[in-house]
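In what follows, a structure is listed as structure tokens, so that the remarks can point back to it.
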Amino acid sequence: MVDKDRSIKVVLNGANGEMEVNDVAYYGAMAGFNYLSDQEIADIMNFIRNSWGNKGDIVDATEIKKNR
């Protein structure tokens, strides 16, 4: 997940259809989580971006607010 803003928008708004992540194509649907607070979404993003071998930059709640 290189593009933080893109990944934040997907978590906020959801996604549907084909999506390419790290050169792998995926097809499906994901509901958005825009009902969560900025801090809750930042916490989720930080967990995903730094688990399972991922090493992503930290997401701050202000970045979530900017993308709402």
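Keep in mind the model is a prediction, meaning the values are calculated, not measured.
- Other residues, nucleotides and ligands contribute more than 12 heavy atoms inside 6.0 Å of the OH atom of Y35.
- Checking side-chain atoms of R49 against main-chain N and O of N54 turns up no donor-acceptor pair under 3.5 Å.
- Rounding to the nearest 0.5 Å gives a distance of 5.5 Å between CG of D5 and NZ of K9.
- Under 3.5 Å, the side chains of D43 and Q39 contain a donor-acceptor pair of N or O atoms.
- Between E63 and I58 the shortest heavy-atom distance is OE1-O, 3.7 Å.
- The shortest non-hydrogen separation linking A61 to A42 is N-CB, 3.9 Å.
- Judged by distance alone, the side chain of N46 and the main-chain N or O of V59 form a donor-acceptor pair under 3.5 Å.
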Evaluation steps, side chain to side chain contact (heavy atoms under 4.5 Å, CB included), between R6 and M19: CA-CA 11 Å; R6 177 180 160 208; M19 178 182 294; 3.2 Å; yes

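- Interatomic distance, M45 CE to D60 CG, rounded to the nearest 0.5 Å: 12.5 Å.
- Summarising the geometry, atom NZ belonging to K65 is positioned 12.0 Å from atom OG belonging to S37; distances are rounded to the nearest 0.5 Å.
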Hey, mind stepping through L36 and I44 against side chain to side chain contact (heavy atoms under 4.5 Å, CB included) and telling me if it holds? CA-CA 10 Å; L36 297 175; I44 291 166; 3.6 Å; yes

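- Between E18 atom CD and Y26 atom OH the span is 12.0 Å, to the nearest 0.5 Å.
- Between the side chain of S51 and the main chain of I48, no donor-acceptor pair closer than 3.5 Å is present.
- Nearest heavy-atom pair across R68 and D38 is NE-OD1, 2.6 Å.
- In this structure, the separation between CD1 on I41 and CD1 on I8 is 9.0 Å, given to the nearest 0.5 Å.
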Run the numbers on V11 and I64 for side chain to side chain contact (heavy atoms under 4.5 Å, CB included), then give the verdict. CA-CA 10 Å; V11 173; I64 306 301; over 6 Å; no

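- Residues V10 and F33 share a single hydrophobic cluster, defined by chaining ILVMFWY side chains whose heavy atoms lie under 4.5 Å apart.
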